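Order of appearance sets the numbers: ligands from 1, and atoms from 1 within every ligand. All figures in this text were calculated on a predicted structure; none of them were measured in a lab.
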Amino acid sequence: MKHVLTLSDGELSEWLGHRGHAGYRAAQIQRWLYYRRADSFDEMTDLPAALRHDLAKDFAIWSGSIARHTVAEDGTEKLLLQFEDRGTIECVLLRDGRRRSICVSTQVGCAMGCVFCASGLNGVDRNLSRGEIVEQMLRLQRLLPAAERLSHLVVMGMGEPLANLDQLLPALELATDQNGLGISTRRITISTVGLPKAIDRLSDEDCRFQLAVSLHAPNDSLRTELVPVNKNLGIDQILAAADRYYDVSGRRLTYEYVLLADINDQEEHARELVSLLRSRSALLNVIPYNPVVGLPYKTPSGTSQKRFRQILEDGGLNIQFRQRKGDKINAACGQLRRTMQ
Ligand code: SAH
């Protein structure tokens, strides 16, 4: 049985033609899936019974199942999805004022090896398909009351999005499509460890998504310790690719910096960050570390966070200290999955 969410518009129309159904039915089916939130083909009552029957024979709407659903007091909800090969991934719905944001994964596990992150502790198993990425969006959408819509999307869950662009870009097409979820590109953020070639591809394909680069260290020796893939890349090359993306897309870059006690939170690190980013029109997003069971890293004290922040502000950087949401339900990458292993 094929996963209907992996099909492009064209492929669905082709299937319809093949079975002797009218091509315009494709838009109707999309509407049921993305807008009317159908969970089965039976619900698609304005389709002819024969078409519903053919659809159900050839396709499944969901390829995964919900292995766990957790809800935090602040309204954050997290799903652990298990796919047919038993691979599990996480995705999250965040409520903030009128915003309804979702965070999706792109791989089962992760190959980047960031030493403080739970997602990559066992390496990567595989890329998610376009349909499996879209499924996360639709499963989370269905947690909302009918009158509420998804407003923002971040690709910041498990995995390295830029290592799976072939599946991610078509999934994001559906997220932005007016017949899909209709989320504007300026409300979609892709978070990356910083793979220059893949960033260049985003520039070449004229993508207009917001890009967040996980920096985590102001110099190569420290960054290579924390983010091992940096060894063959280097901060200069990453920043150069990011600068190009900014030039082409007009989207201001975000740099993420996970603050780890006694490791990358010293005054000299803040000063180095200032000289690295001062001349760039970027936002620095500092995220106090969310501890992972079994790893030795710690969140810096309030005093050292303040000291770090002060130097960045005095240096004229545009910064944001991210509030932690959903940490009681292990909403940081890869943490819920580990509780199931
Ligand atoms: N691979 C991508 C996206 C996934 S991680 C990337 O590297 O950006 C999304 C962000 O969460 C990254 O900045 C990552 O470093 C950060 N992160 C991972 N584990 C964390 C933790 N325990 N506490 C705080 N941030 C964490």
Between R201 and D166, is a salt bridge (Lys or Arg N to Asp or Glu O under 4.0 Å) present by the stated rule, with each step listed? CA-CA 11 Å; R201 177 170 164 196; D166 287 345; 2.9 Å; yes

Min heavy-atom dist A118 to ligand 1 below 4.0 Å: no

May I ask you to list the atoms of ligand 1 that are less than 4.0 angstrom from any heavy atom of S214? 6 (C), 7 (O), 8 (O), 12 (C), 13 (O)

Would you call M158 a ligand 1 contact, heavy-atom distance under 4.0 Å? no

Ligand 1 versus N290, non-hydrogen atoms closer than 4.0 Å: side chain, backbone, both, neither? both

Between R25 and Q28: side-chain donor-acceptor atoms closer than 3.5 Å: yes

Contacting atoms of ligand 1, where contact means under 4.0 angstrom from a heavy atom of V292: 22 (N)

Heavy-atom pairs closer than 4.0 Å: do any link ligand 1 to the side chain of T192, the backbone, both, or neither? backbone

Scan side-chain atoms only and decide if E160 and T106 contain a donor-acceptor pair under the 3.5 Å cut-off. no

Determine whether the side chain, the backbone, both or neither of H216 has a heavy atom under 4.0 Å from any heavy atom of ligand 1. side chain

Could you tell me which atoms of ligand 1, counted from 1 in the order shown, lie closer than 4.0 angstrom to a heavy atom of V193? 6 (C), 7 (O), 8 (O)

What residue among R95, R142, R100 forms salt bridge (Lys or Arg N to Asp or Glu O under 4.0 Å) with E77? R95

What residue pairs, at least two apart or across chains, pass ring-ring contact (aromatic ring centres under 6.0 Å, His included) with a residue in residues 204-233? F116-H216

Given E132 and R126, is the salt bridge (Lys or Arg N to Asp or Glu O under 4.0 Å) satisfied, shown in steps? CA-CA 12 Å; E132 289 167 333; R126 65 176 176 90; 2.9 Å; yes

Taking atom types as modelled, is there a side-chain donor on R68 or T88 under 3.5 Å from an acceptor on the other? no

Taken in chain and number order and not counting sequence neighbours, the residues that satisfy side chain to side chain contact (heavy atoms under 4.5 Å, CB included) with D314 are Q310

Is ligand 1 less than 4.0 angstrom away from at least one heavy atom of P291? no

Please identify which atoms of ligand 1 are closer than 4.0 Å to at least one heavy atom of G157. 4 (C)

Under a 4.0 Å heavy-atom limit, does E256 contact ligand 1 with its side chain, its backbone, both, or neither? side chain

Side-chain H-bond candidate by donor/acceptor type, N219 with E272, under 3.5 Å: yes

Within the 4.0 Å heavy-atom shell around G159, which atoms of ligand 1 are there? 1 (N), 2 (C), 3 (C), 4 (C)

Does an N or O from C117, backbone or side chain, lie closer than 3.5 Å to an N or O of ligand 1? no

